[in-house]
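Data block below; observations after.
Each chain gets a letter, A, B and so on, in the order its sequence line appears, and its residues count up from 1. All values derive from a computational prediction rather than experimental measurement.
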Protein chains: 2
Amino acid sequence: MLELRHLRTLLALRDAGSLVEAAERVHLTQSALSHQLKDLEERLGAPLFIRKTRPVEFTRAGQRLLSLAEQVLPQFRMAERDIARMAGSEQGRLHMAIECHSCFQWLMPTVDRFRDHWPEIEVDIPSGHSFAPLQALGREQLDLVITANPVEMSGIQYIPLFRYEVMLAVARQHALAIKGHVEPQDLCDETLIIYPVEHDRLDVFTQFLEPANVSPREIRSAEMTVMMMQLVASGRGVTALPNWALAEYLSRDYVRGLSLGDGVWATLYAAVREDLLGTPWMDDFLRTARETSFEVLSGVKPA
Amino acid sequence: MLELRHLRTLLALRDAGSLVEAAERVHLTQSALSHQLKDLEERLGAPLFIRKTRPVEFTRAGQRLLSLAEQVLPQFRMAERDIARMAGSEQGRLHMAIECHSCFQWLMPTVDRFRDHWPEIEVDIPSGHSFAPLQALGREQLDLVITANPVEMSGIQYIPLFRYEVMLAVARQHALAIKGHVEPQDLCDETLIIYPVEHDRLDVFTQFLEPANVSPREIRSAEMTVMMMQLVASGRGVTALPNWALAEYLSRDYVRGLSLGDGVWATLYAAVREDLLGTPWMDDFLRTARETSFEVLSGVKPA
DNA sequence: AAGCATGATGAATGGTGCTCATGTTGAGAG
DNA sequence: CTCTCAACATGAGCACCATTCATCATGCTT
């Protein structure tokens, strides 16, 4: 009668707010969800949510099922993990590299949690692959790479982790600081500070400056986020970073953050070797990564 | 991957001890269960139980899933009950009659529990239908009848509650009391005390005496179990009763209990109006009855 | 009023979970 | 040792139903 998939659907619906997006999350069509929920409501004899509102609002019955889902689904995951551990004496390995330069704030707690669940998996972030991590992935020297720039490669799948806004950091006393957002032209007299990578892998260029055919007056690079922040704060340039990378500097009012145009958004992916996808521990890592990053970054408010 | 039906199957398997009987309990074929469990074990990558032993023995993985099932399935039931209550303002009614003369010891706790879960259902055991309860069921004056003698009737379904052994009660000093069981011939010089119903509705006759073509010397009847016990204890006759009806007298060593031949077993049924089957509260009542009777009667040891 | 997004609906389809029929295994009896 | 019986495994076929596709209805935005 009541099935696990119903619970998953309802959770997805609550998190998504609409059938269309909930459908994406559970990898089904909107139609499927509509049918599924209609059937369920008929069988239970009670409406579960109100469709007219946005985001959808749950009835008391719906809320009861949501709370059931939150009780029960974790128990299932735990059991499945336990079983997988009992089954798998297969020593797994999870060696990763990070292409995104400031992921540690959510990656470290993720790894900590994961180690708890899978003590026998060897987790490491070996240095030495920071130059060409995707190639190392292809050569099976690595198992997972965190990146914002998916590049089609055979044997590698890109799993989206979360979306974020790319924002411009400027000094507090900067002329632009009073505006809520900047236009491309605003940057033509600025010094832009970037990580030392090709321009076509930076969303400021591909999604913001190049479409408007604007170039900043000067471009200089810095390896580390702290360094960039110092330069920005002292008025020697501006830089574009993920909102969550800026978060701590914004909260300390060290720099100011501005949207790029109407907002430039990007998605962070985990590039994973296909042969590892589907193993319970890899699935669990990806889920943990999503959950943890959500928790850690959800305090991050744009601007 | 892991589904609710798997958990139900595993619980049934544990309670039944074999695939064949477990299949009955979940209303599937043995083949279905074999397939289902094989698939599951393959997907999990771990064996769940050992088939060669009888009753089957569970591996650690199997036990883990059993414990999951015991955590999770009750939570589902509770949620479904809550939802059914929210949905159903439909005042239900549960009027019952008892054809078996000593069911109160497990029926009362059952009713108590049920009332907790379904306060708005009107539960009653109206007197006045003790004569022809099944007819009253057909006339919709009753909703459920507890009986050990299913009689085919349109619109009525018989739901098995539990199996029990019919045992012979004899006085402590009775000649037969030293034996573990009696043969039909042993009764041809005895006075048999029975409830005042037709002989063909008593298993002592249909399953024990008549097949051997034996009649007791004398037959007398009594309305109440206590009365029968007094007669038996004082050596004025013997009687055949369900083991659980005898239990309290046996434990007080008031009478002795003997198996009839290799053991005569019967099943107690709930006769239910078909239109009520499938309503959540009726399903819940039947489940509660089975569980409660099991708990109450499981202390009852034969002889 | 047009355009867009969301949800509903009905028909068609494909997957899969079940049954049926049969094969295999193991235990107990003669 | 073999016969038998019960329990479980296995493969093929089938039926159901969850899902998809195509389309329609509705409401909000511009």
Side-chain angles (χ1 to χ4, degrees), chain A residues 1-59 61-62 65-66 69 73 76 163 262-263 265 278, chain B residues 1-59 61-62 65-66 69 163 262-263 265 278:
Chain A
M1 164 131 206
L2 187 54
E3 297 276 336
L4 286 180
R5 68 197 154 88
H6 296 132
L7 299 188
R8 293 193 233 272
T9 300
L10 286 171
L11 278 191
L13 180 58
R14 184 198 55 185
D15 296 342
S18 83
L19 282 193
V20 199
E21 205 197 320
E24 268 179 36
R25 300 201 184 199
V26 293
H27 306 293
L28 289 175
T29 62
Q30 170 268 325
S31 177
L33 289 208
S34 182
H35 283 297
Q36 186 183 108
L37 289 166
K38 190 183 161 221
D39 282 6
L40 184 61
E41 287 180 324
E42 257 164 33
R43 279 199 277 216
L44 295 177
L48 296 176
F49 64 102
I50 300 154
R51 292 128 212 267
K52 318 218 160 192
T53 61
R54 206 151 319 276
V56 291
E57 194 178 321
F58 287 85
T59 64
L65 286 193
L66 283 174
L73 292 180
F76 266 82
R163 280 171 58 75
D262 299 331
W265 287 80
Chain B
M1 164 132 208
L2 187 54
E3 295 278 336
L4 286 180
R5 68 196 152 87
H6 295 131
L7 299 187
R8 293 193 232 273
T9 301
L10 286 171
L11 278 191
L13 180 58
R14 183 198 56 186
D15 296 342
S18 84
L19 280 193
V20 203
E21 205 197 321
E24 269 179 35
R25 300 203 184 196
V26 293
H27 306 292
L28 289 175
T29 61
Q30 170 268 323
S31 176
L33 289 208
S34 183
H35 283 298
Q36 185 181 109
L37 290 166
K38 191 185 161 222
D39 281 6
L40 184 61
E41 287 180 323
E42 257 164 33
R43 278 200 277 220
L44 296 177
L48 296 176
F49 65 103
I50 299 154
R51 291 127 212 267
K52 319 221 158 187
T53 61
R54 207 147 319 275
V56 292
E57 194 177 320
F58 287 85
T59 64
L65 286 193
L66 283 174
R163 280 172 57 76
D262 299 331
W265 287 79

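Evaluation of the salt bridge (Lys or Arg N to Asp or Glu O under 4.0 Å) rule for A:Arg5 yields no partner, not counting sequence neighbours. B:Ala61 is linked by a side-chain contact (heavy atoms from CB on, under 4.5 Å) to A:Ile83, A:Met86, B:Ala46, B:Leu48, B:Thr59, counting only residues two or more places apart in sequence or in another chain. When the side-chain contact (heavy atoms from CB on, under 4.5 Å) test is applied to A:Val26, the partners found at least two apart in sequence or on another chain are A:Ala12, A:Leu28, A:Leu33. Here A:Glu3 pairs with nothing under the salt bridge (Lys or Arg N to Asp or Glu O under 4.0 Å) rule; sequence neighbours left out. For the side chain to side chain donor-acceptor pair (under 3.5 Å) test, no residue two or more places apart in sequence or in another chain qualifies with A:Arg8.
Of all non-hydrogen atoms in B:Ala22 and B:Ala16, the two that sit nearest each other are N-CB, 3.5 Å. The minimum heavy-atom distance between B:Leu2 and A:Leu4, with the atom names listed, is O-CD1, 3.3 Å.
For the OP1/OP2 pair of C:dT6 and a distance below 4.0 Å, the side-chain nitrogens and oxygens of A:Arg54 include no atom meeting the criterion. OP1 and OP2 of C:dT6 both lie 4.0 Å or more from every side-chain N or O belonging to A:Arg51.
The stretch residues 23-31 of chain B comes close to DNA chain C through B:Leu28, B:Thr29, B:Ser31, each having a heavy atom under 4.0 Å from the strand. Listed by residue number, the members of residues 34-42 of chain B with any heavy atom below 4.0 angstrom from DNA chain C are B:His35, B:Gln36. Taken residue by residue, residues 1-20 of chain B places heavy atoms nearer than 4.0 Å to DNA chain D at B:Ser18, B:Leu19, B:Val20.
When side chains are defined from C-beta on, B:Leu37 counts as touching B:Leu13, because their heavy atoms get closer than 4.5 Å. No side-chain heavy atom of A:Phe76 sits less than 4.5 Å from a side-chain heavy atom of A:Leu7. Contact annotation: the side chain of A:His35 approaches that of A:Ser31 to within less than 4.5 Å [non-hydrogen atoms, C-beta and beyond]. For the pair A:His6 and A:Leu65, the minimum side-chain heavy-atom distance is 4.5 Å or more.
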List, with names and distances, any nitrogen or oxygen atoms from the protein found under 3.5 Å away from nitrogen or oxygen atoms belonging to nucleotides 26-30 of chain D.
none

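Going from atom CD of A:Glu21 over to atom P of C:dG7 covers 10 Å, rounded to whole Å.
Applying the salt bridge (charged side-chain N to carboxylate O under 4.0 Å, His left out) test to residues at least two apart or on different chains, the pairs with a partner in residues 9-28 of chain B are B:Arg14-B:Glu70, B:Glu21-B:Arg25. Counting only residues at least two apart or in different chains, side chain to side chain donor-acceptor pair (under 3.5 Å) contacts with residues 41-56 of chain A comprise A:Glu41-A:Arg51.
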